[in-house]
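First up is the structure itself, then whatever we jot down about it.
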Amino acid sequence: MSEKRSEVSQFGEFGLIKRISNQVNLQNKSSLTGIGDDAAVIQANGEKVILLSTDMLVEGIHFDLAYTPIRHLGYKAVAVNVSDIAAMNGVPEQITVSLDVSNRFSVEAIDELYAGILSACENYKVDLVGGDTTSSVSGLIISISILGKASPEKVAYRSGAKINDIICVTGDLGAAYMGLQVLEREKQVFLTDAEMQPDLEKYEYIVGRILKPEARMDIVYEFEELKIKPTSMIDVSDGLASDLLHISEMSGLGVRIMEDRIPIDTLTFETAIEFNLDPITCALNGGEDYELLFTVAQNDFEKIKNHPDIHVIGFMHANKNQNVMITKQETVVPLRAQGWDHFKSGKLKA
Ligand code: ADP
Ligand code: MG
């Protein structure tokens with residue numbers, strides 16, 4: 001090791017991952033795809049390939065137990081992993097759960113956590129098959145690894161988008177980010193006056209989006225039924241802009257999206273205004289929506305155009321350095337990755 005010391009924050013999450021992946025050489029033929037997509041792709045003995053992914057949730061970085069019911073946390077830890085398998089157009093089958101837990105947590109609290117984990121397992125039809133438990137000096141870390149399967153020809157990589165493909169996104173965006181803003185605000189109010197009871201009922205939808213997100217396996221099953229193969233796909237975990245740029249970079253093409261096509265729920269919109277935030281900025285850069293962002297060939301447009309939960313937001317074009325949004329005023333603005341970077345602040349820079 002040299003004397004030089006660089007701060008992780010200088011690199012950011014993606015820079016750090018790139019640095020690690022540059023040092024990795026895959027040695028086994030069965031490792032078809034390693035670092036760089038939503039899941040690794042591994043050759044199985046049968047007809048299918050194995051998808052493998054892992055995600056870690058750290059107290060104080062990814063969640064705050066002041067307002068996160070621990071049962072929901074368990075559910076979410078599984079859902080975000082399932083989402084990475086969904087993003088490869090695969091079906092999840094097994095998970096392992098590793099816990100790093102301090103003595104601040106009772107057995108009853110761990111039971112609650114597992115109630116959430118198992119409820120998600122039932123919902124997504126995955127089996128909990130193992131894990132590891134260690135004691136930590138402080139806080140709680142949940143690390144889940146997930147295995148899924150797919151037919152090799154159906155795997156949707158980030159790199160597969162083609163010129164003129166249609167860019168689609170499911171559900172609506174920015175809700176989880178606004179839900180988090182509401183929770184943070186209520187926490188501050190509570191810290192100043194413990195008598196104040198939070199009034200969260202009005203914000204139920206957006207608060208639910210941050211505390212208990214769902215992986216869009218329903219869409220993966222619909223692709224199968226509609227005989228659609230997304231040419232590329234990613235789940236929206238870091239924010240639409242950031243995740244679009246991953247597709248652009250890995251596919252070597254540019255993206256062009258239309259502001260007026262970006263799906264935003266009414267409550268998200270109104271809450272953003274209430275917080276003096278631009279709803280579009282929240283939809284572009286707020287993370288943790290866990291919707292699916294994908295491209296399809298023009299030929300498949302007919303199959304999706306009337307789908308109530310799939311929104312066409314733009315298309316791919318040849319110039320990979322031109323990643324833009326056409327605003328409602330018809331000006332062209334460049335898309336920037338401003339997503340959640342936990343190494344920087346963990347907060348959105350609007
Ligand atoms: P996602 O948001 O879909 O979970 P990430 O941005 O966390 O994806 O990771 C992108 C890619 O980098 C994945 O292939 C992941 O396995 C890999 N990766 C992330 N962190 C590390 C690490 N510390 N070491 C090796 N690979 C990593
Ligand atoms: Mg992902």
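Treat the numbers as computed from the prediction; the structure is a model and nothing was measured. First listed ligand is number 1; within each ligand, the first listed atom is number 1.
- Classification of Glu288 and Lys76 as a salt-bridged pair holds, one side-chain N sitting under 4.0 Å from a carboxylate O.
- Each of the atoms 6 (O), 7 (O) of ligand 1 lies under 4.0 Å from some heavy atom of Glu13.
- No heavy atom of Lys18 sits closer than 4.0 Å to any atom of ligand 1.
- Which parts of ligand 1 touch Arg158 is read off a 4.0 Å heavy-atom cut-off, strictly below it: atoms 3 (O), 8 (O).
- Residue pairs meeting the side-chain hydrogen bond (donor to acceptor under 3.5 Å, both in side chains) criterion with at least one partner in residues 16-27, sequence neighbours excluded, are Lys18-Glu249.
- Look at Lys162 and Asp165 and you find no salt bridge, because none of the NZ, NE, NH1 or NH2 atoms lies under 4.0 Å from a carboxylate O.
- Ion pairing of Glu59 with Arg104 is present here, as a side-chain N (NZ or NE/NH1/NH2) and a carboxylate O approach within less than 4.0 Å.
- Neither the backbone nor the side chain of Gln23 has a heavy atom within less than 4.0 Å of ligand 1.
- Residues satisfying the salt bridge (Lys or Arg N to Asp or Glu O under 4.0 Å) test with Arg261, not counting sequence neighbours, are none.
- By the 4.0 Å N-to-carboxylate-O rule, Glu274 lies close enough to Lys202 to be salt-bridged with it.
- For the Mg ion (ligand 2), the tally of protein N/O/S atoms lying closer than 2.8 Å stands at 3.
- Asn285 and Arg336 make their closest contact through OD1-O, 3.8 Å (heavy atoms, listed as atom of the first residue, atom of the second, distance).
- Residue-level proximity to ligand 1 for Val24 is absent, since no heavy atom of it falls below 4.0 angstrom.
- Residue pairs satisfying the ring pair (Phe, Tyr, Trp, His ring centres under 6.0 Å) criterion with at least one member in residues 217-243, sequence neighbours excluded, are listed as follows: Phe223-Phe294.
- The part of Asp84 lying near ligand 1 is the side chain, judged by heavy-atom distances below 4.0 Å.
- Using a cut-off of 4.0 Å between Lys/Arg side-chain N and Asp/Glu carboxylate O, Glu93 and Lys125 are scored as not salt-bridged.
- Of all atoms in ligand 1, numbered sequentially from 1 with element shown, those under 4.0 Å from a heavy atom of Ser237 are 2 (O).
- Of all the heavy atoms of Ile35, the ones lying under 4.0 Å from any atom of ligand 1 are found in both the backbone and the side chain.
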